[in-house]
Undergrad: 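Before anything else, here's the structure in question.
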Amino acid sequence: MASLKRIGILTGGGDCPGLNAVIRAVAKAALGGGLEVLGIEDGYLGLIENRLRVLENKDVSGILTVGGTILGASNKANPADYAVPTGDGKWVKRDVRDQVVKHCNAARLDALVVIGGDGTMGGAVDLIARGLNIIGVPKTIDNDLWATDITFGHHTAVTTAADALDKVHTTASSHHRVMVVELMGRYAGWIALHAGLASGADVILIPEIPFRLEHIAGKCLKRHKVGKGFTIVAAAEGAVPVGGKQFVDRVDPTSPDPIRLGGVGRYVAEEVEKTTGLESRSIVLGHIQRGGSPTPYDRILATQFGYHAFRLLVAGQFGRMVVQRGGRIDSVPIAEVAGKVRTVPTDHLLIEAARALGTSFGDRPA
Ligand code: F6P
């Protein structure tokens, strides 16, 4: 710890339940160890714009159970590919990595803890190559980060999603409807798979298993025929028809990852209604999945991750991201993680179990 005097913490990418729990763990452990701690505002944007503030114990007290991030976040500030307005409604991408390094050096940061997803880890790799000492902590409700079995925030999102699926049962059964709930997760189906299983959804659609409408319709009709007058479909936003494309809700030119998925739930509900004559509705759960207080599981995981990040700092093991593998907290080089997506393996035991219990993934006849 001798050469380590001052650290910075930032939360990059989309907000996520448990971010504050990590900030609290890193900052409390560091302050307790005699370090100075600076909070960087709005992720990498704060390093681009030189917005840093001192964090003291009082700043990180009482935030364990609070959703969001006290530091603010941005998913539009990749220093290698930073969008700057040209003034005529257009944007030009600039490389501002040297500016970020300059601001870190000016703030006399000996090390940086970056809490984020794949975009944040990708940004970290660039900055490590420019000489910054960085530790990564994996965050995302999507649970799609490489090298870790779990990311904090996922459990809370699944809890919220399962609760929504449970609640639509009431209307589905009362009105004999097909109810499709579109869930987040980007290009991975973890939220839909876990929430769908937790609430006993009849159909689970995930990006990893392309669906055929006829099989979803067949499942709804089959249930109808045996007197189960309703069907619940948990659809990941990245779910895709066989031979088709993912549904895009919007394209954000200011974001390094410009595609925002959305629309598959509505498509499935409309097509199922047309084919089967069964009344169908769709719901997009959206950012509710990112909101609210983290579950106790996520609070504990985030605290463990944050404390382990502190231990890596003290040990001088820079360039590494904290992970949980096989139930153990460990770390891997950040470079190993960046640019990869951890999707659901199609032979995952949960898929096998769900199929055995009659759940459809929309890829086989019911
Ligand atoms: O990665 C988290 C996530 O919530 C995804 O599940 C979703 O596709 C995306 O972010 C939404 O991004 P935004 O908040 O920019 O709409």
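Both counts, for ligands and for their atoms, begin at 1 and track the order of listing.
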Undergrad: Sequence neighbours excluded, which residues qualify as side chain to side chain donor-acceptor pair (under 3.5 Å) partners of Asn78?
TA: none

Undergrad: For atom 4 (O) of ligand 1, what's the nearest protein heavy atom and its distance?
TA: Arg290 NH1, 2.8 Å

Undergrad: Between Asp142, Asp144, Leu183, Asp252, flag the one that comes closest to atom 5 (C) of ligand 1 by a heavy atom.
TA: Asp142

Undergrad: Looking at ligand 1, does Gly185 have a heavy atom less than 4.0 Å from it?
TA: yes

Undergrad: Relative to ligand 1, is His287 under 4.0 angstrom through side chain, backbone, both or neither, heavy atoms considered?
TA: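 The answer is the side chain.
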
Undergrad: Would His194 and His154 count as a ring pair (Phe, Tyr, Trp, His ring centres under 6.0 Å) here? Give the steps.
TA: CA-CA 10 Å; His194 287 152; His154 180 65; 5.1 Å; yes

Undergrad: Show which atoms of ligand 1 fall inside a sub-4.0 Å distance from at least one heavy-atom site of Asn75.
TA: 15 (O)

Undergrad: Closer than 4.0 angstrom, basic N to acidic O: yes or no for Asp59 and Arg24?
TA: no

Undergrad: Check Asp126 with Arg97, please: is the shortest side-chain N to carboxylate O separation under 4.0 Å?
TA: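 So Arg97 pairs with Asp126 through a salt bridge.
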
Undergrad: Between Asn133 and Leu112, is there a side-chain heavy-atom distance shorter than 4.5 Å?
TA: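 No; the side chains remain at least 4.5 Å from each other.
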
Undergrad: Among protein heavy atoms, which lies nearest atom 15 (O) of ligand 1, and at what distance?
TA: Arg260 NE, 2.7 Å

Undergrad: So, using side chain to side chain donor-acceptor pair (under 3.5 Å) as the criterion, who are the partners of Arg53 when residues are at least two apart?
TA: Glu41

Undergrad: Which residue and non-hydrogen atom of the protein lie closest to atom 7 (C) of ligand 1, and at what distance in Å?
TA: Glu237 OE2, 3.4 Å

Undergrad: Between Leu261 and ligand 1, which part of the residue brings a heavy atom under 4.0 Å of the ligand: side chain, backbone, both or neither?
TA: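 Neither part.
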
